[in-house]
K.L.:
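Have a look at this one before I ask anything.
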Protein chains: 2
Amino acid sequence: MEESSNGKEAMNEQKEEEQSEEGPHNYDAAKYERPSVTVDVLMMSLRQRDLQMLLIKRRSWPYEGMWAIPGGFINMDESLETAAKRELQEETGVEDVYLEQLYTFGNPGRDPRTRVITVVYFALLDSELLQVSAASDATDVGWFSVYDLPPLAFDHQMIVEYALNRLRGKLEYTTIAFNLLPEQFTLRELQWVYEIILHKKLDKRNFRKKILSTNILEDTGAKKMEGTHRPARLYRFNPEAESKL
Amino acid sequence: MEESSNGKEAMNEQKEEEQSEEGPHNYDAAKYERPSVTVDVLMMSLRQRDLQMLLIKRRSWPYEGMWAIPGGFINMDESLETAAKRELQEETGVEDVYLEQLYTFGNPGRDPRTRVITVVYFALLDSELLQVSAASDATDVGWFSVYDLPPLAFDHQMIVEYALNRLRGKLEYTTIAFNLLPEQFTLRELQWVYEIILHKKLDKRNFRKKILSTNILEDTGAKKMEGTHRPARLYRFNPEAESKL
DNA sequence: TTAATAGTGTCTCTTAGACAGTATCCC
DNA sequence: GGGATACTGTCTAAGAGACACTATTAA
């Protein structure tokens, strides 16, 4: 279940009626100072056989000159997920990618400027898509290996670790990995995805046996030749087949 | 990883400097209208051999008279988790319970009054604790079986389903279930927790075999006698032992 | 033919699930 | 002893992991 449309209540009253109790049910929203709400998007992709993420160099206080996860304020008329997609679009020019709400961080003092509550999403980008729509500017946006990050602003280091844990967890029982590959791919490429994310080598035979036994792959008939060796079959992800990973 | 202290940035500048680009990095927070932020807490407990949750009856528009998940505005100087604990304390008088951030809902229009972003936590309460600190008032707070809920305000029905999914998922690979039991409990009681949450019967022998093989239970030596039959051993959760559930 | 990677099968061990009878308490 | 629930063990099937050789291509 991702964002999805929904509703929620607020336990506050805009009107002045019912000011009987001091309980939490009759608050007046206007009485309350409101925190700023931002949406950050942690974008990951497979580049150069490495798991990399996009960072932005901060140009002002606080943490001036340090790298940070891209994000921005939410508009009053857009959903959290829409804000995340907007951010994604602004930074990479890419749409229709895997996007999942990660966690919401809201400790006071997280940001020295003001009270900021940040809803963090994380996105997985198909490496090929990315090459097409290169990047916006140059010097203040960059892809970095998650295994060799520069010092990050705020506690973005912790957020990255949180995301990595989530990703590794879901790798085992979902088909999330396919979001990092183009439409067609070889089994070896799929294995690389798992190896890079789990950060350990896997047995080729066991891996293929397991993946193929789930029937989530469809043989395209095509082959991928590269280098001076036997070509590899190209597969396609079949979202229909019961995953049962 | 739960809330935890942290930091996060806002991509906005309070000062007027650097108004060169219209990019998302130089926003002025003051320019932005801010949404209201609330924290709701979905409290679950085992009562009368049933999984029940606490609801509050709304006393005003919108959804007047309907039941809703308790929640309230966040204060500017408290963390999300602190706000959740405050809510928990206000509604049940209970502290030190299992508390986990569930999801953040923020679609515009969720609340007809104003733009509200709600961070939902969910809490698991030991059934015994609860009996002690009964409830606050009476008619507008109540415990309901999650399997037989009244119509809920907003889209709280969906939030409940989301929470149930999370709970069921975590039941399999974490020790989350123990949070619903008092310090000492019998194996049969533990099995009830699983059966009630998963909503299906489990095989007694297989269940005991599996639980005991993990060594997360410690025999207290005591026994629990109730009714006219053989007394049951009382166990205690041993958080040390590698879970490996 | 060589270099380089694709592709394949077996055995073992552990785990999950089906299944029924004995033990111990109170009355 | 009857009623009620606690407690226990075996078999089978499926899945996980260790492990090494053949197949196919370009040069």
Side-chain angles (χ1 to χ4, degrees), chain A residues 48-49 168-169 171-175 177 181-182 184-236 241-245, chain B residues 48-49 168-169 171-175 177 181-182 184-236 241-245:
Chain A
Q48 300 143 230
R49 257 177 227 179
R168 286 184 182 135
L171 209 59
E172 317 270 3
Y173 66 99
T174 71
T175 55
L181 289 171
Q184 299 195 4
F185 50 86
T186 68
L187 270 173
R188 192 64 188 84
E189 288 167 341
L190 182 60
Q191 189 178 335
W192 274 323
V193 176
Y194 277 79
E195 289 182 337
I196 290 166
I197 294 174
L198 297 176
H199 216 216
K200 68 178 180 191
K201 289 215 177 294
L202 300 175
D203 180 86
K204 193 206 284 192
R205 282 166 298 186
N206 292 337
F207 180 80
R208 298 163 89 94
K209 203 193 321 168
K210 177 170 178 173
I211 297 291
L212 291 175
S213 74
T214 61
N215 286 321
I216 49 179
L217 292 194
E218 199 175 42
D219 192 336
T220 63
K223 303 207 167 186
K224 179 171 192 172
M225 179 75 249
E226 74 183 346
T228 165
H229 55 81
R230 178 171 177 177
R233 288 168 127 86
L234 278 165
Y235 291 89
R236 178 188 302 130
E242 296 295 303
S243 42
K244 210 198 114 195
L245 247 177
Chain B
Q48 299 143 230
R49 257 178 228 179
R168 287 182 181 136
L171 208 59
E172 317 272 3
Y173 66 97
T174 71
T175 56
L181 290 171
Q184 299 195 5
F185 50 87
T186 68
L187 270 173
R188 193 62 186 87
E189 289 167 341
L190 182 61
Q191 189 179 336
W192 275 324
V193 177
Y194 278 79
E195 289 182 336
I196 291 167
I197 295 175
L198 297 177
H199 216 216
K200 67 177 182 192
K201 289 216 178 297
L202 300 176
D203 180 86
K204 193 206 279 192
R205 282 166 296 185
N206 292 337
F207 180 80
R208 299 164 89 95
K209 204 195 318 170
K210 178 171 177 171
I211 296 292
L212 291 175
S213 73
T214 62
N215 287 319
I216 49 179
L217 291 194
E218 202 176 41
D219 193 336
T220 63
K223 303 206 170 190
K224 178 172 193 170
M225 179 75 249
E226 77 184 341
T228 165
H229 54 82
R230 178 172 176 180
R233 289 169 127 85
L234 278 165
Y235 291 89
R236 178 188 301 130
E242 296 294 303
S243 42
K244 208 198 118 197
L245 249 178

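It should be emphasised that the depicted structure is a prediction, and the values quoted were computed from it without experimental measurement. The chains referred to below are lettered A, B, ... by the order of the sequence lines, with proteins before strands, and numbering in each begins at 1.
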K.L.:
Is the shortest heavy-atom distance from the side chain of B:Tyr235 to the side chain of B:Leu212 under 4.5 Å?
P.N.:
yes
K.L.:
I need the A:Gln191 CD to A:Ile211 CD1 distance, nearest 0.5 Å.
P.N.:
9.0 Å
K.L.:
In plain terms, say whether B:Glu195 and B:Lys204 are close enough for a salt bridge, that is, a side-chain N and a carboxylate O under 4.0 Å apart.
P.N.:
no
K.L.:
Take atom CD1 of B:Ile211 and atom C1' of D:dC7, then tell me their distance rounded to the nearest Å.
P.N.:
16 Å
K.L.:
Do B:Leu187 and B:Leu217 make a side-chain contact, defined as non-hydrogen atoms from C-beta onward lying under 4.5 Å apart?
P.N.:
yes
K.L.:
Atom OH of A:Tyr235 to atom P of C:dA6: distance rounded to whole Å?
P.N.:
12 Å
K.L.:
Whether the side chain of B:Lys209 and the base of D:dT10 hold a donor-acceptor pair under 3.5 Å is what I'd like checked.
P.N.:
yes
K.L.:
Among A:Arg208, A:Lys209, A:Lys210, whose side-chain hydrogen bond (donor to acceptor under 3.5 Å, both in side chains) with A:Asn206 holds?
P.N.:
A:Lys209
K.L.:
A:Met225 CE to C:dA3 P: how many Å, rounded?
P.N.:
17 Å
K.L.:
Would you say B:Arg208 reaches D:dC7's phosphate, i.e. side-chain N/O to OP1/OP2 under 4.0 Å?
P.N.:
yes
K.L.:
Whole angstroms only, please: what is the NZ-C1' distance between B:Lys204 and D:dA4?
P.N.:
11 Å
K.L.:
Toward the 5' end of DNA chain D, which comes first, A:Lys223 or B:Lys223, by nearest nucleotide?
P.N.:
B:Lys223
K.L.:
Consider the side chain of A:Thr228, meaning its heavy atoms from C-beta on, and name the nucleotide among D:dT24, D:dA27, C:dA20 that approaches it most closely.
P.N.:
D:dA27
K.L.:
Could you state the atom-to-atom distance from CD of B:Glu189 to C1' of D:dC7 in whole Å?
P.N.:
15 Å
K.L.:
In this structure, how many angstroms lie between the P atom of C:dC25 and the NE2 atom of B:His229, rounded?
P.N.:
12 Å
K.L.:
Taking atom types as they are modelled, is there a donor-acceptor pair under 3.5 Å from the base of D:dA6 to the side chain of B:Arg188?
P.N.:
no
K.L.:
Please tell me which of the listed nucleotides, C:dC25, D:dA16, C:dC19, lies nearest to the side chain of B:Pro231?
P.N.:
C:dC25
K.L.:
In whole Å, what is the span from the CG atom of A:Asn206 to the C1' atom of C:dC11?
P.N.:
12 Å
K.L.:
What is the distance from CG of A:Asp203 to P of C:dT12, rounded to the nearest Å?
P.N.:
17 Å
